[in-house]
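Worksheet: one structure, shown below.
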Amino acid sequence: MTTYPIPVTDRRDRAHTGAQTRRRAVPRLFLGEQTDARWLRPAFWLLLAVTAVMYLWDLSSSGYANSFYAAAVQAGTKSWEAFFFGSLDSSNFITVDKPPASLWVMVLSARLFGFSSFSLLLPQALMAVASVALVWGTVRRTLSRVGTTTANVGALLAGFVVAATPAAALMFRFDNPDALLVLLMTAGAYCTVRALPRGSWRWIALAGVALGFAFLTKMLQGLLVLPAFGLVYLVAANTSWGKRIVGLLIAAVSLVISAGWWIVAVWLWPASARPYIGGSTNNTVLDLVFGYNGLGRIFGGSGNGGGGGGGGMTGGTAGSSFGGSTGLNRLFSSEMGLEISWLLPAALIALILGVIVIGRQHLGDLPRASLALWGGWLIITGLVFSFMSGTIHPYYTVALVPAIAGLVGTGGALLWNARERVTGRLGLAAMIGITSFWGWCLLNENASWLPWLRWVILFGGLLSAAAIVIGSVPTLRKLVTVGVLAGTLFGLTGTTAYAFATTTVAHSGSIPSVGPSGSSSGGMGGGMGRTPGGSTGPGGSSSTSDSDSAQQGPGGTPPSGTSGEMPSGKKPSGEMGTPPGGSSSGSQSGTSDSSTDAAADDGAPSGGGMGGGGASTSSALEKLLRATDTTWAAAVDGSQSAAQLELDTNTPVMAIGGWSSDPAPTLAQFKAYVKHGEIGYYIASSNGGGMGGDSSTSSEIKKWVEANFTSTPVGGQTVYDLSSAK
């Protein structure tokens, strides 16, 4: 059985009664342990406060951000059935193409505070604060044997890295599922660490519950950390091998139950009594699990008409346009590099040298276990992201943020503790020097933004690294401390500045990008950056067909009447449009005066971009749809167009073809809906496509409507009244 000293934070003072312990609980929570330096715990609360202000400030500037998910939240506030299934519309025609856990949180917020941009995004920002706290708590516990001050400083550094990573600054102020995904995986890491000192089956079971709900947030991606967590508990838990195996079995059961209850419920629910499962080819949740949101993400394939990563507009390799070409350099290239790679080299150095400076400690040593946990998380998830050939987008990299933060905080603290050794000093110098150089490379890709900053970071970081090396001379040892403090400041400046700049920019669309206004070049709903070094990132348009993406769908544009300009003024291959009704409004970087007024009146965001951000609906079309009393006010090709109409008119709209050419409804089903007076109007697309794609079903429906009903122009749109046949 593995044994090792119980961390100071886990020891109980038997001299205190329970009442005395409870009386000390509140002061200890805010002031820390009696052995802590007075400034350590207040510094933690200051970190949380700064994070909260940074992520909550001007939170509504992005409006509804990704209208695809915003419309589903709006639907959930009107219908508990839509809440449960994650329906795009309150009349429950079709679901979004993800499981609904993240929607549940936003819907509850919207039901509590009223549906608005702020209530929609508030939970996301609070999840950032919670993630910072959990990373802090995890790192602090694992470093407890190293020393109280060192453990707390390492934990503060790790927490700060979470808050100061651009990918986090982007996604924790956006309504995609990734914010909840990161929080749940971080909670799983915390529970795993809590389980180690006593081999607690309760804590490892809670880790399973966290990952189960991570699965209900984004399916397979939520389980990428599972091998690392399981292996760490199996090897490092302070109990017998038999009890470790039992603990893992209990955790597995907890995971299956917490992830499977919703899957089983939807699977058993009669298809005729629930919405179509968006993203599936056969209206089953299992197809979504194993295809579109499962193996199709990693290995590519057609999924449901490309959902797993098909050809799309460019006909190229799946995922190559958004994520760059597969390979080990993908995380350092293009938009991915700008979102996640600022401290990635430092994290890898911390992992390797951290293991070296620990030496031959027993397997149950908490710092060693911590490095294995964060390192396993980073390596497994990073390799999957680097080589997956299915749908991938740069913002997926937010899932790496806690791992990078944990390694930087833990490894940095271990190297500092070993600063009397050459390995410790050279490790600290390497972390600082390489981070500063890489920050210079990344900032050099947007040379017009704060042009002096990259040079300050480069020279300041290299000088700090040099000071640490020179500090090897016994008479100059004080230079090590000075170099580490200064180098940490310079090393964190680049990522912090870029993260802060990200929070000051309004983001809309399906693929928001990081950095200051105008830092991206093209893209949909947020552009692609360039590969550090000067070359443009591979591709320039989507090759995927996922709701996170902004692909056109197989041929076609959303209903005519809007320009559909991308944030940079560029368009991808294939003519793209925006949802029905108005003029395209502006860019990712902000809103025009007119679009600001529209956002104030309707709550709809301005900003171009596909599948999530869009132009507001014309007043004439809005008035027409609001006057309907049918089950669906209108039917339109694609979820993008339907979502924007729902947000603008506060009415349910049928999304023909869903997001990615879903075979719903069939022509026969559509005819039945019309016969029973359940759809008020049909709004034509210019090419019969939309985000749902130009599927044979949508084309058949369009031809049938054109042959049997008379069109009327409404606010620049071609509208068919389905209550009055020719």
Side-chain angles (χ1 to χ4, degrees), residues 127-128 131-132 134-135 138-139 157-172 174 176-190 211 214 217-218 220-229 297-298 319 322-324 326-352 370-388 392-411 435 438-439 442 492 494-495 498-499 502 513-514 529 548:
M127 288 174 196
S131 297
V132 169
L134 284 172
V135 169
T138 305
V139 172
L157 175 61
F160 183 86
V161 169
V162 173
T165 301
L170 179 68
M171 297 315 297
F172 282 108
F174 209 70
N176 279 23
D178 300 77
L180 180 60
L181 176 72
V182 171
L183 174 62
L184 289 170
M185 291 192 300
T186 306
Y190 176 80
L211 293 188
T217 302
K218 218 171 178 188
L220 185 61
Q221 188 179 339
L223 302 183
L224 291 179
V225 297
L226 180 61
F229 292 3
R297 294 274 167 173
I298 298 177
F322 290 137
T326 57
L328 291 176
N329 67 330
R330 177 186 264 185
L331 295 179
F332 297 91
S333 304
S334 192
E335 175 71 12
M336 277 193 177
L338 293 172
E339 293 198 13
I340 198 61
S341 72
W342 299 83
L343 296 173
L344 184 52
L348 295 173
I349 293 172
L351 172 60
I352 296 171
S370 176
L371 290 175
L373 184 146
W374 298 122
W377 179 339
L378 177 63
I379 292 172
I380 294 173
T381 306
L383 287 176
V384 169
F385 286 171
S386 296
F387 291 98
M388 62 186 288
I392 185 171
H393 303 298
Y395 64 78
Y396 286 12
T397 56
V398 69
L400 298 172
V401 171
I404 292 174
L407 286 173
V408 170
T410 303
T435 297
W438 185 244
L442 293 172
L492 294 175
T495 182
Y498 224 73
T502 299
S513 59
V514 297
D548 300 320

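Nothing here was measured: the structure is a model prediction, and the numbers come from that model.
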For this session: Could you check if a side-chain atom of Leu183 sits within less than 4.5 angstrom of a side-chain atom of Leu134, using non-hydrogen atoms only?
Result: yes
Exercise. Taking the side chain from Arg330 and the backbone from Met336, do they hold a donor-acceptor pair closer than 3.5 Å?
Worked result: no
For this session: Apply the test side chain to side chain contact (heavy atoms under 4.5 Å, CB included) to residues Ser386 and Leu331: give CA-CA distance (whole Å), side-chain angles for both, the deciding distance (0.1 Å), then the verdict.
Result: CA-CA 6 Å; Ser386 296; Leu331 295 179; 3.7 Å; yes
Seminar exercise, completed: Contacts of Ile352 meeting side chain to side chain contact (heavy atoms under 4.5 Å, CB included) (sequence neighbours excluded), chain-then-number -> Ile356
Exercise. Roughly how far, to the nearest 0.5 Å, is the CG atom of Leu224 from the CE atom of Met388?
Worked result: 8.5 Å
Problem set entry | Leu184 side chain near Thr217 side chain, heavy-atom distance below 4.5 Å | yes
Exercise. Do Val225 and Ile380 come within less than 4.5 Å of each other through their side chains, counting heavy atoms only?
Worked result: no
Problem set entry | Partners meeting side chain to side chain contact (heavy atoms under 4.5 Å, CB included) with Ala372 (sequence neighbours left out) | Val232
Exercise. Are Thr165 and Ile340 side-chain neighbours, meaning at least one heavy-atom pair lies under 4.5 Å?
Worked result: yes
For this session: Could you check Met127 against Val182 for side chain to side chain contact (heavy atoms under 4.5 Å, CB included), going step by step and ending with a plain yes or no?
Result: CA-CA 9 Å; Met127 288 174 196; Val182 171; over 6 Å; no
Seminar exercise, completed: All heavy atoms of Ala163 vs all of Ala499, minimum pair found to be O-CB, 4.4 Å
Problem set entry | Heavy-atom pair of closest approach, residues Leu442 and Ser341 | CD1-OG, 3.7 Å
Problem set entry | Geometric class of the Trp377/Phe229 ring pair [parallel <30°, tilted 30-60°, perpendicular >60°] | perpendicular
For this session: Check Val135 against Pro402 and note the closest heavy-atom contact, atom names and distance.
Result: CG2-CB, 4.1 Å
Problem set entry | Thr435: side chain to side chain contact (heavy atoms under 4.5 Å, CB included) partners, not counting sequence neighbours | Leu343, Ala346
For this session: Can you label the angle between the His393 ring and the Tyr395 ring as parallel, tilted or perpendicular, going by 30° and 60°?
Result: parallel
Exercise. Minimum heavy-atom separation for Leu407 to Gly375, with atom names?
Worked result: CD2-N, 3.8 Å
For this session: Kindly indicate whether the side chain of Met185, heavy atoms from C-beta on, has any atom under 4.5 Å from the side chain of Tyr190.
Result: no
For this session: Would you please name every residue forming a side chain to side chain contact (heavy atoms under 4.5 Å, CB included) with Ala228, sequence neighbours left out?
Result: none
Problem set entry | For Tyr498 against Thr502, the heavy-atom pair lying closest together | O-OG1, 2.7 Å
Exercise. Can any side-chain N or O of Thr495 pair as donor or acceptor with the backbone N or O of Leu492 at less than 3.5 Å?
Worked result: no
Problem set entry | For Ala347 against Leu378, the heavy-atom pair lying closest together | CB-CD2, 4.3 Å
Exercise. If we only count heavy atoms from C-beta on, is the Leu344 to Trp438 side-chain gap below 4.5 Å?
Worked result: no
Problem set entry | pair Val161-Val401: side-chain heavy atoms closer than 4.5 Å | no
Exercise. Is any side-chain heavy atom of Thr138 closer than 4.5 Å to a side-chain heavy atom of Trp374?
Worked result: yes
Exercise. Taking atom CE of Met171 and atom CG of Leu180, what is their separation to the nearest 0.5 Å?
Worked result: 12.0 Å
Exercise. Under the 3.5 angstrom rule, does the side chain of Glu339 hit a backbone N or O of Leu170 as a donor-acceptor pair?
Worked result: no
